[in-house]
Q: 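Dropping the structure in here first, questions after.
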Amino acid sequence: MTSTVIKRKVPTLVWLPVGYLLLAAIHALLLQLLPVPAVMPAELAVTLQQQPVTLADIEQSVERLVQLKKLADL
């Protein structure tokens, strides 16, 4: 019964940031508790190193993105 009295006295605009901060704190705690690999797995590192990227590849990707953006704007 006291919780309903408290909810009535405190406006919703106060509960929103308090709830958001509580959610952020819980999220931060979970991230601290989850196991995170110290380094990148060796297989992934080798795979990424075997895929050289040239300037031409980057230019081609940029051109493709520009074309897609133009299509999206239509």
Side-chain angles (χ1 to χ4, degrees):
M1 179 154 179
T2 58
S3 64
T4 57
V5 173
I6 293 173
K7 286 182 182 176
R8 288 182 188 154
K9 290 183 179 180
V10 180
T12 306
L13 287 176
V14 173
W15 285 111
L16 186 65
V18 169
Y20 181 78
L21 289 175
L22 183 62
L23 183 64
I26 292 171
H27 183 258
L29 284 173
L30 285 175
L31 287 178
Q32 291 286 330
L33 296 174
L34 289 175
V36 178
V39 294
M40 184 182 299
E43 301 87 17
L44 180 59
V46 169
T47 303
L48 290 175
Q49 289 174 354
Q50 291 176 351
Q51 299 175 356
V53 178
T54 63
L55 186 57
D57 294 336
I58 296 172
E59 288 175 353
Q60 199 174 33
S61 295
V62 169
E63 288 174 9
R64 197 173 331 127
L65 288 173
V66 168
Q67 290 173 354
L68 289 173
K69 186 178 183 302
K70 286 180 183 176
L71 285 174
D73 288 343
L74 294 177

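For this chain, numbers begin at 1 and follow the sequence in order.
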Q: State the CG-CG distance between Leu29 and Leu34, to the nearest 0.5 angstrom.
A: 11.0 Å
Q: What is the distance from atom CG of Leu21 to atom CD1 of Ile26, rounded to the nearest 0.5 Å?
A: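 Answer rounded to 0.5 Å: 11.0 Å.
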Q: Which heavy atom in Asp57 sits nearest to a heavy atom in Val53, and how many Å separate them?
A: OD2-CA, 4.0 Å
Q: Using a 4.5 Å cut-off on heavy atoms from C-beta on, say whether the side chain of Leu65 contacts that of Lys69.
A: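 A side-chain contact under 4.5 Å is absent here.
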